[in-house]
Structure formats: structure tokens, C-alpha cells
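A quick note: this is a predicted structure, and the numbers were derived from the prediction, not measured. Worth knowing before you read on, the calculation uses all heavy atoms, side chains too, and leaves out hydrogens, waters and symmetry mates. Residue numbers begin at 1 in each chain, while the letters A, B, ... track the order of the sequences.
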There are 2 protein chains.
Amino acid sequence: MLAIGTLSQRTGVKVPTIRYYEEIGLLAPPGRSAGGQRRYGADDVARLRFIRHARDLGFGLEAIRSLLDLAAHPDRFCAEANALAMAQLRDVQARVARLRRLEGELQRIVAACDGGHPAAECGVLDALADHDGCTGPH
Amino acid sequence: MLAIGTLSQRTGVKVPTIRYYEEIGLLAPPGRSAGGQRRYGADDVARLRFIRHARDLGFGLEAIRSLLDLAAHPDRFCAEANALAMAQLRDVQARVARLRRLEGELQRIVAACDGGHPAAECGVLDALADHDGCTGPH
DNA sequence: CCTTGAACCTCTAGTCCCTAGAGGAATTAG
DNA sequence: CTAATTCCTCTAGGGACTAGAGGTTCAAGG
């Protein structure tokens with residue numbers, strides 16, 4: 001049986017975060033030692049690693065809850081898991097597209113000023129004040 | 001003089017958000033009508049547009065506060081504005097890089113399952129449970 | 001067996017940037 | 001003048017944690 005700190009080390013999830021996951025019902029309340037401390041088993045390690053991995057991939061906790069639910073019922077069909085992963089992929093792709101536009105605007109803005117002027121002539125401040133100078137929408 | 005709703009329309013910032021910006025000191029408390037409603041002028045439109053644009057570009061409110069402060073002192077040098085914009089650019093670039101790695105992993109994961117299996121054989125669920133299958137770190 | 005120090009416990013509050021709703025007052029168009 | 005719309009303040013919530021206070025339990029060394 002593992003203490004919470006050991007579970008934390010084995011999964012890379014911080015101790016308060018583990019307790020938070022328990023609080024919101026993502027992790028089942030574990031057994032306790034005689035003195036009342038949490039004790040975890042191998043199942044908890046696997047479950048928490050799953051959560052960690054999905055979080056790293058940008059899934060929200062509600063999506064993760066659905067995925068875990070699905071994984072707990074191996075006889076159900078996994079169309080939902082597929083749909084969740086596809087939604088996540090589309091979300092990531094949309095964010096990349098948006099960030100790349102921002103990157104372009106920021107490069108333009110940074111190039112407008114080398115930092116050596118009085119603020120009155122600063123290209124950065126001008127660019128922020130004037131959206132019309134932007135190449136596209138954001 | 002503009003009512004808060006008109007200011008909202010002209011800047012694209014929602015009414016509660018404008019009040020929130022006032023509360024945190026990003027926008028000066030405006031004058032009031034006889035009945036106590038906020039009345040804004042052209043300066044407020046410009047300032048709020050500046051804020052909106054910087055938010056759209058992903059700047060945090062504290063960075064925006066610094067930028068506005070700088071813009072209010074046209075005699076100061078703008079090295080700080082330049083530094084803030086560069087920091088923001090680097091931040092955006094780092095996020096893009098990370099999201100592109102995620103995109104790759106997600107594509108691999110989505111390809112592992114067409115949604116037509118029982119959950120026990122689902123490639124998506126397997127991939128989430130097993131980080132070692134991933135191409136790179138995330 | 002006892003002591004020490006690390007790790008654990010609960011609880012509250014804070015982060016960021018808003019968003020939503022309740023209950024009521026002011027304004028504006030007809 | 002009335003009715004509809006907008007405005008006011010105040011409180012609470014959300015996502016996903018993070019930080020801190022004040023106190024308890026555990027494991028290892030002597």
C-alpha cells in the first residue's frame with residue numbers, strides 16, 4: 001500500500017491535486033491507515049496515470065470522467081471514446097491555428113519598435129491601440 | 001457621453017467585463033448620470049479598445065496594466081513595452097510548439113480506433129492508459 | 001522505547017478572467 | 001405616461017488547481 005506522497009511520485013500528480021481529484025469524484029476515496037492516512041493500491045496508480053496522460057493531452061476533467069467511465073465498462077462500445085478524442089483533436093487544431101495568427105501579429109508588432117524610443121513614438125503601443133493595422137482577425 | 005451598453009457595443013467588451021475592469025482598476029471610474037449610471041467619453045473607448053486588442057493577442061491583465069501605464073507617460077522610454085511584447089511572443093511560440101506535439105499524439109491516438117469496438121479493445125483507451133506508446137514528451 | 005523530522009491530515013482562501021443571476025432603479029421610445 | 005429596455009449593486013460560480021495555517025501520524029535512528 002502506498003502513501004499519497006509515493007503515489008504522487010509514481011504518477012507525477014501533485015499531492016494536493018490527488019486530494020482534489022478525490023474531492024470531485026474522479027478518484028475513489030481510498031482506504032485509510034489506522035491513523036487516518038490515505039493508502040493506495042496498484043489500481044489507483046493506473047487510474048491516476050491515465051488521468052495524468054489525458055490531462056497532458058489537454059482533455060478536460062469532464063471528458064476524462066467519461067473516458068474513465070467507459071474504460072470501467074469493457075463491454076460497452078467505444079464510439080464515445082473515439083468522439084471525445086476527435087473533439088479534443090479538433091480543439092487543439094483550432095487553438096494552434098489561432099495561436100499562429102497571434103504569433104504573426106506579435107511578430108509584426110515587436111518589429112515595429114526596438115525599445116529605444118520615448119513611449120510617445122513606440123510602435124508596440126501604437127499597434128496595440130490600433131487594431132486596424134492588423135493583418136487578419138483574432 | 002455613452003452609456004455602458006453603447007461602450008460595450010463600440011469596443012466588443014461585454015458589460016459585466018467593463019465593470020470588472022473598473023473594479024480591478026484597469027479602467028478609471030467614469031462619471032455618472034444624475035441617476036447614478038456610468039457615462040463614458042472618447043478616452044474610455046480608446047482605452048478599452050487597447051485593452052481588448054491586447055487581450056485578443058493573449059496578454060494578461062497585469063501586462064496590459066503595465067502597457068497602459070507606459071502609454072500614459074509618453075516621455076518614458078518604451079523598452080518595457082518591447083520586452084512585454086517579446087515575452088508574449090515567446091509564450092505564444094512555446095504554446096504553439098506544445099500544441100503541435102499534442103496534435104501529433106492525438107492523431108496517432110484517434111487513428112488507433114474507429115469507434116466500432118467494445119471498450120475492452122479500444123485503441124483510444126489503451127493509448128491513454130499507456131504513455132509509453134507516445135512518440136515524444138508532453 | 002523514545003524522539004525527531006518528514007510527511008500526512010482538514011479547512012479555508014486565493015489564482016485568473018470573467019459569467020450568471022437576483023432584485024430593484026433609471027432611462028428612453030412611443 | 002407607460003412600458004420596455006437598460007442600468008445598478010451584490011453574491012456566487014467555474015475550471016483546475018495552488019498555497020497556507022495549524023495540527024496529527026508515521027518511519028527511522030539511537
Enquirer: According to a strict under-4.0 Å criterion, is B:Arg38 in side-chain N/O contact with OP1 or OP2 of D:dT9?
Expert: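 So the side-chain polar atoms of B:Arg38 do come within 4.0 Å of the phosphate oxygens OP1 or OP2 of D:dT9, strictly under.
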Enquirer: So which one's nearest nucleotide on DNA chain D is more toward 5', B:Thr6 or B:Glu23?
Expert: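 The residue closer to the strand's 5' end, by nearest nucleotide, is B:Thr6.
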Enquirer: Reckon A:Ile4 touches a base, only the sugar-phosphate, or nothing at all at heavy-atom distances under 4.0 Å?
Expert: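 Since only primed, P, OP1 and OP2 atoms lie under 4.0 Å of A:Ile4, the category is sugar-phosphate.
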Enquirer: Closest-nucleotide mapping onto DNA chain D: is A:Gly35 or A:Pro16 further toward the 5' terminus? I mean the 5' end.
Expert: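 Result of the comparison: A:Pro16.
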Enquirer: Expressed as a whole number of angstroms, how long is the span from B:Tyr20:OH to D:dC10:P?
Expert: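 So the two atoms are 17 Å apart, to the nearest Å.
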Enquirer: Rounding to an integer number of Å, can you tell me how far A:Ile24 CD1 sits from D:dG13 C1'?
Expert: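 That distance rounds to 15 Å.
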Enquirer: Strictly below 4.0 Å: does A:Lys14 bring a side-chain N or O up to OP1 or OP2 of D:dT18?
Expert: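 Yes, A:Lys14 has a side-chain N/O under 4.0 Å of OP1/OP2 on D:dT18.
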Enquirer: Just to confirm, is there a sub-4.0 Å distance from OP1 or OP2 of C:dC17 to any side-chain nitrogen or oxygen of B:Arg52?
Expert: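 Looking at the OP1 and OP2 atoms of C:dC17, neither is under 4.0 Å from any side-chain N or O of B:Arg52.
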Enquirer: For A:Ile18 and D:dC17, what is the distance between atoms CD1 and C1' respectively, to the nearest whole Å?
Expert: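 In whole Å, D:dC17 C1' and A:Ile18 CD1 are 13 Å from each other.
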Enquirer: Any side-chain to backbone donor/acceptor pair from A:Gln88 onto B:Leu106? Under 3.5 Å, distance only.
Expert: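 Such a contact is absent between A:Gln88 side chain and B:Leu106 backbone.
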Enquirer: Students often get this wrong, so: under 4.0 angstrom with heavy atoms, is B:Leu61 touching a base, only sugar-phosphate, or nothing?
Expert: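 Answer is sugar-phosphate: B:Leu61 comes under 4.0 Å of backbone atoms only.
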Enquirer: Looking at D:dT18, I'd like to know if its phosphate oxygens (OP1 or OP2) sit under 4.0 Å from a side-chain N or O belonging to A:Thr17.
Expert: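 For D:dT18, OP1/OP2 do have a side-chain N/O of A:Thr17 under 4.0 Å.
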Enquirer: Can you tell me if B:Ser33 touches the phosphate of C:dA26, counting only side-chain N or O atoms and a distance under 4.0 Å to OP1 or OP2?
Expert: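 It does not, given that no N or O in the side chain of B:Ser33 lies less than 4.0 Å from OP1 or OP2 of C:dA26.
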Enquirer: Mind checking if B:Arg55 touches a base, just sugar-phosphate, or nothing, with heavy atoms under 4.0 Å?
Expert: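 If one applies the 4.0 Å heavy-atom cut-off, B:Arg55 turns out to touch the sugar-phosphate alone, with no base involved.
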Enquirer: Before accepting this row, confirm whether a basic side-chain N of the pair A:Glu22/A:Arg19 lies closer than 4.0 Å to the acidic partner's carboxylate O.
Expert: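 Salt bridge between A:Glu22 and A:Arg19, a charged N being under 4.0 Å from a carboxylate O: no.
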Enquirer: Round to a whole Å and report the spacing from CZ of B:Arg19 to C1' of D:dC10.
Expert: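 Atom-to-atom, B:Arg19 to D:dC10, this comes out as 11 Å.
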Enquirer: Check this one for me: any side-chain N or O of A:Tyr21 less than 4.0 Å away from OP1 or OP2 of D:dC17?
Expert: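 Yes, within the criterion.
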